[in-house]
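Both ligands and their constituent atoms are indexed starting at 1 by order of listing.
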Amino acid sequence: METALDRRSSNSTKIPYGRQWIDAEDIAAVTEVLKSPWLTTGPRVREFETAFAAHVGSAHAVAISSGTAALHAAMFALGIGPGDEVLVPAMTFVATANCAVFQGGIPIFCDVRSDTLLLDPDILESKITGRTKAIIAVDYCGQPCDYDSINAIASAHGLAVVADAAHSLGGEYRERRVGTLADLNTFSFHPVKHITTGEGGMVATSNAEWARRARIFRNHGITSEARERESGETAAYEMVDLGYNYRLTDFQSALGISQLNKLSRWIDRRRVIAQRYNHAFEQNPLLTPLVVSPDVGHAHHLYVVQLSTKRLGGVRDKVLSALRRGGIGANVHYIPVHLHPFYRDRFRTAPGMCPVAERAYERIISLPIFPQMTDSDIETVISVVTDVLEDYAA
Ligand SMILES: *Cc1c(COP(=O)(O)O)cnc(C)c1O
C-alpha cells in the first residue's frame, strides 16, 4: 500500500535514530595528537580518565577500547570464572551477557518491568543460587535502574553489582551520578552513544583494587605501561595475569576529552527532545512511551515507545518499515538476549523464560533522538509517526 506519506518523503534523507556530533574543536584535538610522539597510550589517556572521573564523580576511571571491553574488564576485576553465574536483564545488547561468557561464566537471564523495561528487582532473589557472583544492571534507554533495591539484594547475598551504563552517561539516581551507583560502572563511546571516541569505553569505580585490575587487564595483564618503562630505569616488565590488548589510543582520548566538554549541553537537548515527544504522544492511544521514575535524571540515549494495539502479529515490523519509508530511521532495541541462537544452543535458553521482555519485543520501536536533531526534525518524526500509526496500527 503506497500512502501519501510514501510519496511525500521518498526522496528526502532519513533522520537516523542516533548520530554522533563532531565539531572543529574535536578535529583539532585529534590532529594535535596525530602530530605528537604518542599515538597510543600516552598523556591524553590519563587526562581523559581524570576528566571522566571528575565528571561522573568516581574515584577511579580506566579508559578501554570499547564498552564491551569495559564489561569484560569488570568481570575480570571481580574474578568471575568458570561456572560462576551472573544475573543479567533479558532486555539489553548482547555484550551485557557475553562478558560473563568470555570469563567462562553463565549469564542468568532475568525479566524486566513492563513499564520501564528495566531489570525487575522483585525477581532477582528467585534467580540467586550458591554459584551467583554478580548482577549486571542495564540503564536501558538512559534511565538508571533502581540501584537502592538492587544493591540491597546484592549485599544481602554477598554479590557484586556492575552497572552497564552504556546508555546513561550524564544521568542521575536519587541525586547521585551515574558512574557511582554500582561497584563497577561501565560506559561505551560508540558513535551512537552520548559521547564518542570512534570505539571506546570506560570503567568507573570507587575501589582502587578493581581499578588496578581493570588497568592491567587492558594491557595483557602486564603491570606497567610502555611509556612508564621508557621513562624509568629498567625495560623489564612482568605479566601477572592473562589480559588483552584493550587499550584506547591517545588520539581517541583527545576526542573523548573534547566530547566530554559538550556532554551536559547535549543531555539538556536530549531532554528537550524527549519532552516534545512525550507531549505529542501523551494523548495517542496507539502508543505508550516508557515510564520514567521520579527518582531519576534520565540521560535519554534512546526514545522507545511501545505499540499499545491489542492485536500485534507483525504490526510492529509493518510500522517500522513504514517509518523507514517515511524517512525515519527507527530501530528496535533489543531482541531479548536469551532468544539468540547462540544462547539457545549453548545455554539452553528458550522463549517463555522472560515473558515480559518477550512481549515487549513485539511492541517496541526506538525513535530518533540525538543532540543535533533540529526542531523541524522533531516535528517530522512526530507527524510521520502519527500518520503511520493511523495507517498500520489503528
Ligand atoms: C553499546 C552497548 C554496549 C557495548 O558497547 P561497545 O562500545 O559497542 O562495545 C554494551 N551494553 C549496552 C547496553 C550497549 O548499548
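Applying the side chain to side chain donor-acceptor pair (under 3.5 Å) definition to pairs two or more places apart or across chains, those involving residues 150-159 are Glu125-His157. Evaluation of the salt bridge (Lys or Arg N to Asp or Glu O under 4.0 Å) test over residues 47-67, restricted to residues two or more places apart or in two chains, returns Arg44-Glu47, Arg46-Glu49, Glu49-Arg215, Glu49-Arg218.
Ionic pairing of Lys262 and Glu25 is present here: one or more N-O contacts between side-chain nitrogen and carboxylate oxygen are shorter than 4.0 angstrom.
Partners of Val332 according to the side chain to side chain contact (heavy atoms under 4.5 Å, CB included) rule, which considers only residues two or more places apart in sequence or in another chain, are Arg316, Leu320, Tyr361, Ile364.
The CD1 atom of Ile123 sits 7.0 Å away from the CG atom of Leu119 when rounded to the nearest 0.5 Å.
The closest side-chain heavy-atom distance from Gln259 to Thr197 is not below 4.5 Å.
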Anything under 3.5 Å between an N or O on ligand 1 and a protein N or O? List each pair with its distance, or write none.
residue	atom	partner	partner atom	Å
ligand 1	5 (O)	Ser188	OG	3.3
ligand 1	7 (O)	Gly67	N	2.7
ligand 1	7 (O)	Ser188	OG	2.7
ligand 1	9 (O)	Gly67	N	3.3
ligand 1	9 (O)	Thr68	N	2.9
ligand 1	9 (O)	Thr68	OG1	2.5
ligand 1	11 (N)	Asp164	OD1	3.4
ligand 1	11 (N)	Asp164	OD2	2.8
ligand 1	15 (O)	His167	NE2	2.8
ligand 1	15 (O)	Lys193	NZ	3.0
ligand 1	15 (O)	Tyr334	OH	3.3

